[in-house]
Structure formats: C-alpha cells, structure tokens
*Asks:* 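This is the structure I want to talk about, given as structure tokens.
Quick note on labels: first sequence line is chain A, next is B, and so on, each numbered from 1. Being a predicted model, the structure only gives us computed values, none of them experimental. The analysis underlying the following values was restricted to heavy atoms, covering all of them including side chains, and did not include hydrogens, waters or symmetry mates.
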Amino acid sequence: MPELPEIEAYRQLAEHALDRRVAAVHIGDPRFVRGDVTPQRLSAVLRGGSFQAVRRIGKLLVFDVRERDHRLGVRFGMTGRLLVDGVQGVEQLMYASNRADTAWDRFTLRFGDGGRMVVRDPRLLGGVSLDPDEGALGPDALTITLAQLRHQLAGSAAPLKARLMDQSRIAGVGNLIADETLWRAGLVPGRPAGSLSDAEVRRLHTHLRRTLGVLLRRGGSHLGDIVPQRRPGGRCPRDGTELRRSTIGGRTTWWCPRHQR
DNA sequence: ATTGTGGCCTGCCCGC
DNA sequence: TGCGGGCAGGCCACAA
C-alpha cells in the first residue's frame, strides 16, 4: 500500500508535471475533494496555472501553484496511484487491484501539451485538497533525528506502534512499515511508547531509518522481510517462531513473541 | 490533552 | 455458478 516509499516514488514522478500549464481539471468523483474547498473552487485555482515545485511530507504530496499562493495536496489512501503521461509511479500495490481501469480516475489534470496527471484510487480513501495543513504533520520519518524521535515518544502511554503510525507525531509510517521496523528493532508493538529506554529509542531510530532505506531500495513498503509471514501460521524470518497477531492502533499487527520485547 | 473506536470506501476471496 | 460476508487500512470525526 502507499506508505513513504511509494509516495516518494510518486513525488519523483510528479516532477514531470512541473512547469506545464494546466488546461483542464477533471474531478472524477466529488467525494475525492477533501476539506472545505468545493470541486469548482479547486478547479478554478488550478486551471491556467502551473506547478513550481512538489514535495513530500510523510504520505502527503504538496504541489506549489506558481504565483497564486496556493498549494494542491494529494493523499493516496491505501489504493491510490499516481500517473503522469500514462506512466505509473509504482507498479505493484499490496491490497490494491493492479488493473488499469479509468473508472477509478478520481482526479485528472490535462496539460496544455496534451499530457495528463491522474490520481487513480479504487477505494476513494485518498483525496485532493487545497492548502493542506502541513503543520499538522510530525517530522518526516526519513529524516527524523534521534532527539525528535525521543521527544515524540516521551511520556506517552499509547502503544508504541500506534505512536509510530500517528502522522501528527511521525509522518510517513503506515501499518506494514511499522510492523517491519518493530520486528527489526526487536520491540513489542504493544509496549507503551514512553516506556522505551534510551538505548531502545536509539535502536528504534536506527532501524526506522534502515528499514526505510531498504524499502526505498527494494521499491515498496510491501517488500519487507516480515510481510510474507503476516498470515496465520507465518513464522519469524529470524528465529522461526510462529508470529502472533493482534490489533493495535486499530490495525492488524504481527510480531515475534520470542525476539520482540 | 490523550487515547481509543467506528465509519468511510470497494475490490477481492472464501465458503456455501 | 452466483452470492453474501469478511477483510484490508489511511484518515477523520467523535467519544471517553
């Protein structure tokens, strides 16, 4: 599903959409427009303009609209894809159909040169917004410092995994990356976030960055070592122990009862 | 303020 | 063969 590695791939693809005049905006489903803005207003802000820059904060893409003091925000939910001129940012998405069906094109920009940028999202869990609240997101998981991570965990009674997935604390970590990171760091997902020793916070910081590096290199959040074992009967790739399943932070969680403590 | 829960949304898969 | 129920989780509103 789209977590930080996928959105980073989308960001790189989206650079091909910069400096091109938006000739037309097509909203495939009005529910895909989030926040206070109407589809009409969003279209009016974008039409005739162009994007000066695009950046990623966690799982959010932000496009700067040139000379209009507005920003386009794009979220991808768990089944959203980005296409620019027919090229997909990511080929495979776990839990999402890999069919190409234009009925799922929820938001399309047609450029003056005939090209297109499309957000294709079967489930409609993503969305586009005008001037997204970037300040509501915590430090990006890829560049978070040890001190920042320590600060975000300190004093919290919430389960460690829930804290990791809280986008206002740390931006970019979703369910699969949380399981993979905690498995690599040898930490139990249900522990209170504030209960980690300083050495454990350091270990988590190391493995968070290392895990993201590995997944970016492999090309997807679903390419972690534990992901194929996230099923009944699945075993820990490290020590062969049968993995346990529970629900933490409202999400299915798999972990090794032997080496995660 | 913090933490937890339910709902949205729809493709897919399994069992009957 | 068709059908219904369950499942997947990012995000948000709302409750305690």
*Asks:* Under a plain distance cut-off of 3.5 Å, with no hydrogens placed, do A:Arg20 and A:Ser50 share a side-chain donor-acceptor pair?
*Replies:*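 Distance-only check fails for A:Ser50 and A:Arg20.
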*Asks:* Report yes if a side-chain nitrogen or oxygen of A:Trp104 is closer than 4.0 Å to either non-bridging phosphate oxygen (OP1 or OP2) of B:dT10; otherwise report no.
*Replies:*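 No, no such contact exists.
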*Asks:* Think A:Ser97 has a side-chain N or O under 4.0 angstrom from the OP1 or OP2 of B:dC12?
*Replies:*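 Yes, because at least one side-chain N or O of A:Ser97 sits under 4.0 Å from OP1 or OP2 of B:dC12.
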*Asks:* Distance alone, cut at 3.5 Å: any donor-acceptor contact between the side chains of A:Gln88 and A:Arg81?
*Replies:*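 Yes, because at least one side-chain N or O of A:Gln88 sits under 3.5 Å from a partner of the opposite role on A:Arg81.
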*Asks:* Which whole-number value in Å describes the distance from A:Arg34 CZ to C:dC12 C1'?
*Replies:*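 Answer to the nearest Å: 9 Å.
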*Asks:* Check for a donor-acceptor pair, side chain of A:Gln167 on one end and backbone N or O of A:Leu137 on the other, with a separation under 3.5 Å.
*Replies:*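 Between the backbone of A:Leu137 and the side chain of A:Gln167 there is no qualifying donor-acceptor contact (under 3.5 Å).
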*Asks:* Is the phosphate of B:dC12, meaning OP1 or OP2, less than 4.0 Å from a side-chain N or O of A:Arg99?
*Replies:*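 Yes, because at least one side-chain N or O of A:Arg99 sits under 4.0 Å from OP1 or OP2 of B:dC12.
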*Asks:* For the CG atom of A:Asp239 and the SG atom of A:Cys256, what is their distance to the nearest 0.5 Å?
*Replies:*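 One finds 4.0 Å between CG of A:Asp239 and SG of A:Cys256.
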*Asks:* Distance check needed: C:dC11 C1' versus A:Phe76 CZ, whole Å only.
*Replies:*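 Result: 15 Å.
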*Asks:* To the nearest 0.5 angstrom, please state how far the CZ atom of A:Arg120 sits from the CZ atom of A:Arg106.
*Replies:*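 Here the rounded value is 10.5 Å.
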*Asks:* Taking atom P of C:dC11 as reference, at what distance in whole Å does atom CG of A:Asp166 sit?
*Replies:*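 It works out to 11 Å between those atoms.
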*Asks:* Among the nucleotides B:dG11, B:dT3, C:dC11, which one has an atom lying closest to any side-chain atom of A:Gln167?
*Replies:*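 The answer is C:dC11, which lies nearest to the side chain.
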*Asks:* Considering only side-chain heavy atoms of A:Pro159, which listed nucleotide, B:dG4, B:dG11, B:dC9, is closest?
*Replies:*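 Closest nucleotide to the A:Pro159 side chain: B:dG4.
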*Asks:* For A:Asp29 and for A:Arg169, find the nucleotide of DNA chain B with the closest heavy atom, then tell me which residue's nucleotide is more 5'.
*Replies:*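 Its nucleotide being nearer the 5' end, the pick is A:Arg169.
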*Asks:* Taking only the side-chain heavy atoms of A:Arg31 (C-beta and beyond), determine which of C:dG10, B:dC9, B:dT3 contains the nearest atom.
*Replies:*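 Closest of the options to the side chain of A:Arg31: B:dC9.
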*Asks:* Just how far, in rounded Å, is P of C:dC11 from CD of A:Glu3?
*Replies:*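 Result: 9 Å.
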*Asks:* Can you confirm if the NZ or CZ of A:Arg238 lies within 45° of the ring axis of A:Trp183 and under 6.0 Å from the centre of its six-membered ring?
*Replies:*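 Yes; both conditions hold, so A:Arg238 lies above the ring face of A:Trp183.
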*Asks:* For the helix from B:dT2-C:dA16 to B:dC16-C:dG2, what angle lies between the axis at the first five pairs and the axis at the last five pairs, to 10 degrees?
*Replies:*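 Roughly 40°, once rounded to the nearest ten degrees.
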*Asks:* B:dT10 C1' sits how many Å from A:Asp105 CG, rounded?
*Replies:*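 After rounding, the reported distance stands at 16 Å.
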*Asks:* Counting only side-chain heavy atoms from C-beta out, which of B:dC9, C:dA8, B:dG11 sits nearest to A:Leu124?
*Replies:*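 Given the options B:dC9, C:dA8, B:dG11, the side chain of A:Leu124 is closest to B:dC9.
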*Asks:* Using the side-chain heavy atoms of A:Met78, tell me which of these nucleotides is nearest: C:dC11, C:dA8, B:dG4.
*Replies:*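 Out of C:dC11, C:dA8, B:dG4, the nucleotide with an atom closest to A:Met78's side chain is C:dA8.
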*Asks:* Would you indicate which nucleotide in C:dC11, B:dT2, B:dG11 comes nearest to any side-chain atom of A:Arg75?
*Replies:*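 For the A:Arg75 side chain, the nearest candidate turns out to be C:dC11.
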*Asks:* Within the structure shown, what part of the strands sits under 4.0 Å from A:Gly250 by heavy-atom distance: base, sugar-phosphate, or nothing?
*Replies:*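 If one applies the 4.0 Å heavy-atom cut-off, A:Gly250 turns out to touch nothing in the nucleic acid.
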*Asks:* Pick base, sugar-phosphate or nothing for A:Arg231, based on heavy-atom distances below 4.0 Å to the nucleic acid.
*Replies:*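 Nothing, no nucleic acid heavy atom in range.
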*Asks:* Determine yes or no for a side-chain-to-main-chain donor-acceptor pair under 3.5 angstrom, with A:Glu6 supplying the side chain and A:Leu93 the backbone.
*Replies:*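 Here the side-chain-to-backbone pair does not exist.
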*Asks:* Give a yes or no answer on whether the side chain of A:Ser195 reaches the backbone of A:Arg191 with a donor-acceptor pair at less than 3.5 Å.
*Replies:*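 No: the side chain of A:Ser195 does not pair with the backbone of A:Arg191.
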*Asks:* Would you indicate, yes or no, if C:dA8 has its OP1 or OP2 atom less than 4.0 angstrom from a side-chain nitrogen or oxygen of A:Arg230?
*Replies:*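 No, no such contact exists.
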*Asks:* Starting from P on B:dT3, measure out to CZ on A:Arg191 and report it in whole angstrom.
*Replies:*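 Distance, rounded to whole Å: 16 Å.
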*Asks:* Does A:Arg123 have a side-chain nitrogen or oxygen under 4.0 Å from the phosphate oxygens OP1 or OP2 of B:dC12?
*Replies:*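 Indeed not, no polar side-chain atom of A:Arg123 lies that close.
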*Asks:* Please determine, for the side chain of A:Arg251, which listed nucleotide (B:dC12, B:dT3, C:dC11) has the closest atom?
*Replies:*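 Among the listed nucleotides, the one closest to the side chain of A:Arg251 is C:dC11.
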*Asks:* Just to be sure I understand the rule, does A:Ala157 reach a base, reach only the sugar-phosphate, or reach nothing, if contact means heavy atoms closer than 4.0 Å?
*Replies:*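 It contacts sugar-phosphate atoms only.
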*Asks:* Nearest whole Å is fine: how far is B:dG4 P from A:Met165 CE?
*Replies:*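 The distance from CE of A:Met165 to P of B:dG4 comes to 11 Å, rounded to the nearest Å.
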*Asks:* Specify the separation, in whole Å, of atom CZ of A:Phe32 and atom P of B:dC9.
*Replies:*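 Going from A:Phe32 (CZ) to B:dC9 (P), I get 13 Å.
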*Asks:* From C-beta outward on A:Pro122, which listed nucleotide comes closest to its side chain: B:dT2, C:dC12, B:dG11?
*Replies:*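 Of the candidates, B:dG11 comes closest.
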*Asks:* Does A:Thr252 offer a backbone N or O that forms a donor-acceptor pair with the side chain of A:Arg230 under 3.5 Å?
*Replies:*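 A pair under 3.5 Å: yes.
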*Asks:* For B:dC9, does OP1 or OP2 lie under 4.0 Å from any side-chain N or O of A:Thr79?
*Replies:*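 Looking at the OP1 and OP2 atoms of B:dC9, neither is under 4.0 Å from any side-chain N or O of A:Thr79.
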*Asks:* Considering every strand and a 4.0 Å limit on heavy-atom distances, what is the contact class for A:Thr252: base, sugar-phosphate, or nothing?
*Replies:*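 Sugar-phosphate, backbone atoms only, no base.
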